[in-house]
Amino acid sequence: MNEIVVLSGKGGTGKTMLSASFATLEKNMVVADCDVDAANLYLILQPKNEIEEVYVSGHRAQIDYSKCTHCGICADHCRFEAISTINGKVIISETSCDGCKLCSRVCPVGAIDMLPNDKSRWYAGAYRNGQMVHARLAPGEENSGKLVNVVRNYAKKLADETNAKTIIIDGPPGTGCPVVSSLTGVKKVILVTEPSKSGFHDLKRIFELAESFNLKSSVVINKYDLNLDMSRKIEEWCKLFSIPVLGRLPFDKQIVEGMLHCKSIIEWQPSSVISQEIKNIWQTVNADQS
Amino acid sequence: MIIAVASGKGGTGKTFVSTNLFWAAQKQGIPSTLVDCDAEEPNDAEFIPGYVLNTQNVVQKIPVIDDQKCTFCGRCFDYCNYNAIVYLPDKRFIKVVEELCHDCGACTVACTSGAISLKEKAIGTIRKMYVGIPSVLVEARTEIGVYSPVPVIKKAIKYASDDVLIILDAPPGISCPFIATVDKADYVVLVTEPTPFGLNDLKLSVDTLDEIGKPYGVVVNRAGLGNSDVYLWLKEKKISLLMEIPFDKEIAMVYSEGKLIAELNSKYSDKFMQLLQSVKKELKR
Ligand code: SF4
Ligand code: SF4
């Protein structure tokens with residue numbers, strides 16, 4: 001099975017647009033939306049969720065004030081500045097609590113309970129070209145990469161069951177844990193960038209990350225015609241590091257139009273320049289069996 | 001006054017709004033600090049060149065277990081709520097997995113044999129850059145692959161605590177890094193675009209801010225693209241529309257070159273000053 005991850009460092013470069021296009025090019029696909037903190041792909045693919053599961057992302061501390069003596073021992077131990085004493089009253093800030101449980105262990109009267117953070121969900125179901133797994137991380141919960149693993153593992157299971165050849169992974173933004181989880185063990189990494197100074201900067205950072213895992217990446221320049229000069233600079237840089245540039249996609253307002261109709265550009269305007277280019281990219285990616 | 005500029009996902013123009021707002025304000029002589037809290041992908045400095053005043057390393061304390069002193073009682077293993085300690089008593093093997101450790105200190109409290117000492121691990125840097133009298137840019141930057149950017153973000157914000165105007169360029173999403181940023185703000189400016197993706201992420205951000213009780217308003221970027229659903233929704237929810245930025249190739253071009261539209265076109269610096277006024281008005285309400 002072939003796992004292809006689409007990444008971009010920063011969001012908004014067209015990562016989800018490209019994933020959606022790939023996902024609608026062939027039948028019997030499996031798609032894993034690993035951008036669990038701002039999942040968007042389901043808006044285009046509209047899967048029918050047959051599975052909805054709870055994901056517990058750690059714990060949070062809560063004080064039982066009928067027991068608390070306001071001694072402040074917990075506050076002395078907390079490394080996350082989550083516990084403070086205001087007017088003699090011990091208060092835990094839910095937004096700062098990391099869920100390490102130390103306060104509940106050191107409290108001499110057992111006044112602190114650890115509640116599970118169980119508001120996050122993940123979903124799986126069929127969409128028009130195959131199966132899709134996605135998730136929604138609840139506000140303020142830690143995006144540790146564990147939920148990304150859950151999504152990926154289930155996608156693999158579905159791919160096995162349905163004999164799918166390819167899993168498309170829409171990766172999370174950034175360069176932290178969730179991204180690491182989305183790319184460990186994959187065969188192909190596609191980096192989507194756009195021709196801007198900041199986009200270029202983000203590309204270098206995400207490339208460095210992929211390199212540190214010994215993964216071969218290739219690049220797609222989206223909206224390349226918005227700044228031809230910058231596009232050229234990016235290509236020169238890619239050449240220098242022997243990174244294949246798979247394709248250049250022009251800016252096209254029709255992408256948003258398609259999105260408004262819940263369609264990828266491949267479905268919305270199959271014969272447009274951009275759709276042709278995406279098809280070429282897809283062929284190149286799949287032809288490379290190394 | 002601390003204003004956080006945020007958007008559910010990246011790429012909607014959060015960096016565009018924060019850098020231009022900062023530029024316009026400091027040009028007017030308002031002492032301002034811009035803190036780039038998008039520590040995994042900081043790039044405000046690409047738009048605002050400054051003279052680096054100093055660079056601070058942010059470190060995390062990582063426990064190190066001395067297996068000579070360790071009695072293999074397993075208390076630290078039980079205390080660690082992040083599965084960061086590998087404990088194989090049969091093999092007399094014990095080790096901290098650095099990548100999983102949250103620096104919570106629980107294992108040190110647990111150990112009664114004095115087997116745990118601490119070492120420092122670099123998790124990021126904070127750069128303070130001088131931009132113009134009397135304004136600075138503070139950049140939070142994590143090392144690639146660290147478990148959470150939150151400690152670096154918190155430190156960076158602390159660095160900027162006594163300015164007249166502080167603008168926080170918030171990280172994407174609505175998880176811990178976003179909360180750690182907006183938590184410190186008096187007001188949140190949410191940047192969105194009039195597309196289904198934009199609206200979806202805006203709703204998530206709004207739910208989150210409602211939950212923690214922060215006041216906010218919305219800037220619609222790339223107005224003219226997409227449809228009117230965002231506007232209808234804002235009206236229905238009675239959320240203030242603070243500003244609209246048209247979809248314009250000139251803006252896209254200027255941005256791609258790493259330049260600021262507020263610097264090149266006075267119409268836009270005025271617009272961003274109006275945004276600042278609108279936020280002030282909102283805060284008085
Ligand atoms: S400091 Fe906390 S997270 Fe790190 S190893 Fe010790 S108990 Fe685990
Ligand atoms: S608590 Fe101390 S003595 Fe016990 S296993 Fe951990 S390091 Fe060893």
Side-chain angles (χ1 to χ4, degrees), chain A residues 8-13 16 35 37-38 40 43-44 58-59 77 79-81 93-96 98-102 105-106 114 136-137 139-145 172-177 179-180 194-199 201-202 205-206 208-209 212 223 226-227 230 253 256 259-260 262, chain B residues 8-13 15 38-41 43 46-47 61 79-82 99 102-106 109-110 142 144-150 154 171-180 183 195-197 200-201 204-205 207-208 211-212 225-227 229 249 252-253 255-259:
Chain A
S8 72
K10 206 134 212 162
T13 55
T16 300
D35 190 355
D37 198 4
N40 281 148
L43 294 172
I44 294 183
H59 298 85
H77 279 86
R79 293 263 185 104
F80 302 97
E81 293 169 29
S93 149
E94 211 180 290
T95 54
S96 294
D98 200 71
C100 76
K101 221 169 175 174
L102 184 54
R105 301 190 199 269
V106 297
M114 297 304 296
R136 172 175 294 184
L137 195 74
E141 306 210 334
E142 195 197 20
N143 195 355
S144 63
T175 53
C177 266
V179 182
V180 172
E194 55 181 24
S196 68
K197 214 177 153 201
S198 53
H201 172 254
D202 297 334
R205 241 172 108 79
I206 191 80
E208 204 183 305
L209 178 74
S212 70
K223 307 180 196 158
L226 282 186
N227 189 333
M230 194 61 77
K253 276 195 176 177
V256 174
M259 202 193 275
L260 295 175
C262 304
Chain B
K9 72 179 181 122
T12 54
T15 298
D38 192 355
E40 286 184 18
E41 292 283 3
N43 53 25
E46 302 284 321
F47 297 90
K61 292 209 174 63
Y79 264 48
C80 181
N81 211 23
Y82 305 101
E99 287 71 30
H102 283 215
D103 190 7
C104 75
V109 172
T142 53
I144 283 170
V146 300
Y147 86 90
S148 165
V150 169
K154 280 192 176 166
I174 50 168
S175 62
C176 302
F178 166 76
I179 300 283
D183 197 34
T195 64
F197 285 7
N200 182 56
D201 294 328
L204 293 174
S205 312
D207 285 349
T208 310
E211 205 167 295
I212 61 171
L225 214 63
N227 62 9
D229 288 358
K249 281 212 170 169
M253 188 67 190
Y255 184 84
S256 71
E257 306 254 297
K259 293 183 185 138

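This is a predicted model, so every value here is computed, not measured. Here is the naming used below: chain letters follow the sequence lines, and residue numbers restart at 1 for every chain.
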Heavy-atom proximity to chain A below 4.5 Å, by part of [X]:
X: B/Thr12; answer: neither
X: B/Ser205; answer: neither
X: B/Ala39; answer: backbone
X: B/Asp38; answer: side chain
X: B/Lys259; answer: neither
X: B/Asp183; answer: side chain
X: B/Ile179; answer: side chain

Check each atom of [X] against the heavy atoms of chain B and say whether the ones under 4.5 Å are side chain, backbone, both or neither.
X: A/Leu209; result: both
X: A/Glu81; result: side chain
X: A/Met230; result: side chain

Specify which of [options] makes the most heavy-atom pairs with chain A at under 4.5 Å.
options: B/Tyr82, B/Phe47, B/Phe178; value: B/Tyr82
options: B/Ala180, B/Gly173, B/Pro177; value: B/Gly173
options: B/Thr208, B/Ile174, B/Asp207, B/Asp103; value: B/Ile174
options: B/Thr15, B/Asp201, B/Val150; value: B/Asp201

Can you name the closest pair of heavy atoms from [X] and [Y] and give their distance?
X: A/Asn40; Y: B/Phe197; value: O-CE1, 3.5 Å
X: A/Leu137; Y: B/Ser175; value: CD2-CB, 3.6 Å
X: A/Leu226; Y: B/Met253; value: O-SD, 3.2 Å
X: A/Leu43; Y: B/Pro196; value: CD1-O, 3.7 Å
X: B/His102; Y: A/Asp98; value: ND1-OD2, 2.7 Å
X: B/Cys104; Y: A/Leu102; value: O-CD2, 3.7 Å

key: Test side-chain contact (heavy atoms from CB on, under 4.5 Å) applied to B/Glu99 - qualifying residues, sequence neighbours left out   =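 Partners of B/Glu99 by the side-chain contact (heavy atoms from CB on, under 4.5 Å) criterion, ordered by chain and then number, come out as B/Val97.
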inquiry  = My understanding is that only residues two or more places apart in sequence, or in another chain, count here; which of them pass side-chain hydrogen bond (donor to acceptor under 3.5 Å, both in side chains) with B/Glu41?
reply    =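 B/Glu41: no side-chain hydrogen bond (donor to acceptor under 3.5 Å, both in side chains) contacts found.
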message = Nearest 0.5 angstrom please: B/Tyr79 OH to A/Lys101 NZ, how far?
response =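 So the gap between those two atoms works out to 10.5 Å.
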ask   = Can you tell me how far CD of B/Glu40 sits from CD1 of A/Ile206, rounded to the nearest 0.5 angstrom?
value =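 Answer for the CD1-CD pair, A/Ile206 versus B/Glu40, is 9.0 Å.
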key: When A/Val179, A/Asn227, A/Val256 are compared by non-hydrogen pairs under 4.5 Å with chain B, the top option   =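 With the most close heavy-atom pairs to chain B, the winner is A/Asn227.
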Does some side-chain heavy atom of [Y] sit less than 4.5 Å from a side-chain heavy atom of [X]?
X: B/Val109; Y: A/Arg105; value: no
X: A/Lys223; Y: B/Ser256; value: no
X: A/Leu260; Y: B/Thr195; value: no

query = If you count the non-hydrogen atoms of other residues, nucleotides and ligands that lie under 6.0 Å from NZ in B/Lys61, is the total more than 12?
reply =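 Count not over threshold, so no.
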query = Are more than 12 heavy atoms from other residues, nucleotides or ligands located less than 6.0 Å from atom CD of A/Glu94?
reply =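 12 or below, so no.
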Examine distances only and state if a side-chain atom of [X] and a backbone atom of [Y] form a donor-acceptor pair shorter than 3.5 Å.
X: B/Glu46; Y: A/Ser198; result: no
X: B/Asn43; Y: A/Asp202; result: no
X: A/Arg205; Y: B/Ile144; result: no

